[in-house]
Amino acid sequence: MLQSQSQHTSLSTSAHLAQTMTLLSLTSSELLQKIESELSNNPALEMIEERRCPMCGRLLPPSGPCPICSQPKNLETSEPIVFISPREDFYTSGGLQPEDLPEEPFTSESLDLPTYVLRQIAGDLDWDENLLAAFILNHLDDDGFLTTTPLEVARYHHRDPGEIADLINRLKRCEPIGVCAEGPVDAMLTQLDILEENAPIPPYTREVVRNFLPKLSQHHYAEIAHALCATTAQIAKVAEFIYENLNPFPARSHWGDVRNPTEEENQVFHQPDILIYPLSDNPSNPLVVEIILPMRGTLRVNPLFKETLKQINDDKAEEWREDLEKANLLIKCIQQRSNALKMLLEKLVAYQEPYIRGGDKELRSLTRAQIAKELDVHESTISRAVSGKTVQLPNRRIIPLSVFFDRSLPQRTLIREMIDAEEDPLSDSEIQQRLSEMGINIARRTVAKYRSIEGILPAHLRQPNRSARSA
DNA sequence: CTATGGCACGGATT
DNA sequence: AATCCGTGCCATAG
C-alpha cells in the first residue's frame, strides 16, 4: 500500500512536468477545449463565479486587485502591465474581430455551408433536384470541395451522370463561387467563367490555372511562359490577375496566401492568445498586455467533492482520489502556464516596445535563447511558449508571437518600402547598395531572397513608376 | 554582359 | 539532433 502510494505520487510529479510542458505549448483556444473536456470528465473540477472589477467591470484574475484600475495615477513606469485575463467570452462572442480581416462570407447568418448554398438555388430547382442538391452539398469537405464524384452520385440515385454534372455546374455558380468543385483548379476555372461574362481575362489565364498552378506558386514565370510559348511579362500579368481575382479555396473564410496553397491555413488567425494595447494615446503610458485565459470564472477543486471523498470507503475511493489529483494537477499546471507566459511577455514586450508602437521597421533582433537566459529557464520552454501563439497588436493586426524573434522583418519591410517608392525598378544589387548606405549589410543574394519572400517580382518584370504587389 | 534563381554548405537557432 | 537562414558559386535567361 505504501509502495503503491509513493509510486503514485512520483508518477504524478513526472506527469506534472509533462503536463506543464504540453499546456505551455497550447493555444488559448486549444486550452479552452482541454479545460472543457476536463471539466465534463472530472467531477472533482468546478468553475466558480467570476470576479469583476468594481471600477471598470473587467474580468479579474483569480485573486488580487484589478490590474488596470489599481495602477497609481501617475503612470511614470514605462514597464508594460502584463496580466492574465480570464475571458471565455472572448472566444464565443468574437467581439474583438480585427477590422482588417474581411467578414466571413456565411457566418453572418450562422448558416452552415450546405444550407447557405442550397438557399440560393432552391427556388430554381424542382423538388427532385433539390433532393439531389442536398445530397451533393452534404458530401463536401471543409473547403467546400466534393468528396464524391458525379458518377457515384448518379449511380447512387440511379440518375444520368450528365444530369448530375449539369446540376453540379449550377451549384458551382453559387456563392461562394466555385463551391462543389472537385478541387482548387476546378473552382478557379468556374470563377474564371463567371468573371469572363463581365470582363475580359488575360490570355493564357485558363491554361495557367489548369496546368501550372504549382509552378505559379513557385514564381517560375519564365518556365511557364516557355511551355505556353508566351512572354514572361504576359505570365506575370496572368499571375497578378489570378492573385487578385481568384480564390482556390472559396469556401474557406478567407484565403491566406496563394503562393503556399498547402499551408495557407496557417496564415489566418481568428483569435489571438494575447492582446497588446496602449493604456491611452499618451506614448509615455505603459502598454497593457492581456494574456487570454479562456475561462469564464475560476477553476478550482470542488470542496464538496473533497468532503465526500473523506467519507466514502475503499472501492470507489481510489478512483475518486485519482480524479482529485488530476484536478489539482491541472489547476497547478494552468497556473504555471500562465506564470511562464506572463514572465515571457513582460520581457518580450518591454524589449520590443518600439516595434509594437512603431511598426515592422522597429523590430529589434532577439533570439529565444537570449530570453531563456534572462529568465533562467530552458530554451525549449521559451520555444514551447512561443510556438503557435498569436498576438493582437495595438494596430489590431494579429500576428504570430514568433515574429518577435524574426531577424529579417525590418530589412524586408525596408526593401518593400523601397520598391513601393521606386521610380524605375531597382535591381537587387542596387537595393543592396542602398541598404548598406543605411548601415544594413546583407548580401545581394539575400536581398533577392527577401524580395521573393515578400512576393515581389524581379526588377525586369516590374513596371516603371508603379509597383507590382499582390495579396 | 548583367541580373536572378537554384543548390548546397556552414553556422546559428530551436 | 534537427531545422532554419544567410551566403557563395554557378547556370541560365534576358
Side-chain angles (χ1 to χ4, degrees), chain A residues 20-22 24-27 212 214-239 259-260 262-263 266-267 340-341 343-344 347-348 351-352 360 363-389 400-416 418-419 422-436 438-464 467-468 470:
Chain A
T20 313
M21 300 213 300
T22 14
L24 189 55
S25 61
L26 288 187
T27 307
F212 296 101
K215 294 284 178 213
L216 191 73
S217 65
Q218 294 160 33
H219 294 255
H220 290 165
Y221 298 139
E223 199 179 323
I224 301 172
H226 188 71
L228 291 174
C229 301
T231 67
T232 316
Q234 276 176 311
I235 300 303
K237 274 257 182 337
V238 169
R259 284 159 279 161
N260 304 310
T262 46
E263 46 184 321
N266 301 337
Q267 303 280 327
L341 282 175
M343 308 222 306
L344 171 65
K347 289 284 179 201
L348 214 46
Y351 187 79
Q352 297 290 17
D360 290 349
L363 189 76
R364 300 171 64 190
S365 106
L366 175 69
T367 71
R368 291 158 171 79
Q370 285 175 40
I371 292 281
K373 199 175 168 193
E374 267 191 66
L375 292 178
D376 195 33
V377 294
H378 197 324
E379 317 173 336
S380 71
T381 312
I382 305 293
S383 267
R384 287 174 184 282
V386 169
S387 76
K389 307 283 191 307
L401 188 55
S402 56
V403 313
F404 279 67
F405 300 93
D406 187 331
R407 262 171 305 168
S408 61
L409 185 65
Q411 290 90 317
R412 293 205 315 264
T413 35
L414 230 40
I415 290 174
R416 175 196 292 264
M418 211 179 271
I419 291 176
E422 80 193 351
E423 198 91 344
D424 289 314
L426 293 165
S427 79
D428 288 345
S429 12
E430 284 170 319
I431 294 175
Q432 187 225 0
Q433 183 124 25
R434 291 202 186 191
L435 282 175
S436 76
M438 300 167 63
I440 299 172
N441 290 308
I442 54 177
R444 173 238 112 210
R445 187 66 189 76
T446 309
V447 174
K449 204 147 216 177
Y450 288 171
R451 182 173 48 68
S452 79
I453 291 177
E454 293 296 309
I456 301 172
L457 291 172
H460 63 276
L461 291 179
R462 272 183 261 136
Q463 305 295 326
S467 55
S470 56

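Each chain gets a letter, A, B and so on, in the order its sequence line appears, and its residues count up from 1. Bear in mind the structure is a predicted one, so any value in this text is a computation, not a measurement.
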Novice: When all nucleic acid strands are considered with a 4.0 Å heavy-atom cut-off, which category describes A:S380: base, sugar-phosphate, or nothing?
Specialist: nothing

Novice: Within the 4.5 Å heavy-atom criterion, are A:M418 and A:M438 side-chain neighbours or not?
Specialist: yes

Novice: Specify the closest pair of heavy atoms between A:T413 and A:P410, including all atoms of both residues, with the distance to one decimal.
Specialist: OG1-O, 2.8 Å

Novice: Could you work out, with side chain to side chain donor-acceptor pair (under 3.5 Å) as the rule, every residue matching A:D428, not counting sequence neighbours?
Specialist: A:R451

Novice: Do any of residues 440-451 of chain A sit with a heavy atom less than 4.0 Å from DNA chain C, and if so which?
Specialist: A:I442, A:A443, A:R445, A:T446, A:K449, A:Y450

Novice: Could you tell me which residues satisfy salt bridge (Lys or Arg N to Asp or Glu O under 4.0 Å) with A:E374, sequence neighbours excluded, listed by chain and number?
Specialist: A:K347

Novice: CD1 of A:I453 versus P of B:dG6: gap in Å, rounded?
Specialist: 13 Å

Novice: Rounded off to whole Å, could you give me the NE2-to-P distance for the A:H460 and B:dT4 pair?
Specialist: 7 Å

Novice: Reading nucleotides 9-14 of chain B from the 5' end, what letters show protein touch, with B for base, S for backbone sugar-phosphate only, - for no heavy atom under 4.0 Å?
Specialist: ----SB

Novice: For a 4.0 angstrom threshold against heavy atoms of chain A, report the outermost contacting nucleotides of DNA chain C in 5' to 3' order.
Specialist: C:dC5 to C:dG14

Novice: Which residues pass the salt bridge (Lys or Arg N to Asp or Glu O under 4.0 Å) test with A:D360, not counting sequence neighbours?
Specialist: none

Novice: Please state how far atom CG in A:L426 lies from atom C1' in B:dT2, giving the value in whole angstrom units.
Specialist: 16 Å

Novice: For A:A369, give me all partners under side chain to side chain contact (heavy atoms under 4.5 Å, CB included), at least two apart in sequence or on another chain.
Specialist: A:T367, A:E379

Novice: Quick one: list whatever passes side chain to side chain contact (heavy atoms under 4.5 Å, CB included) with A:A236, sequence neighbours left out.
Specialist: A:L457

Novice: Please check this pair: side chain of A:E454 against backbone of A:R416, looking for a donor-acceptor N/O pair closer than 3.5 Å.
Specialist: no

Novice: I'd like to check the side chain to side chain contact (heavy atoms under 4.5 Å, CB included) partners of A:T381; sequence neighbours left out, ordered by chain and number.
Specialist: A:L24, A:V377, A:H378

Novice: Please name all residues satisfying side chain to side chain contact (heavy atoms under 4.5 Å, CB included) with A:Q433, sequence neighbours left out, ordered by chain then number.
Specialist: A:E437

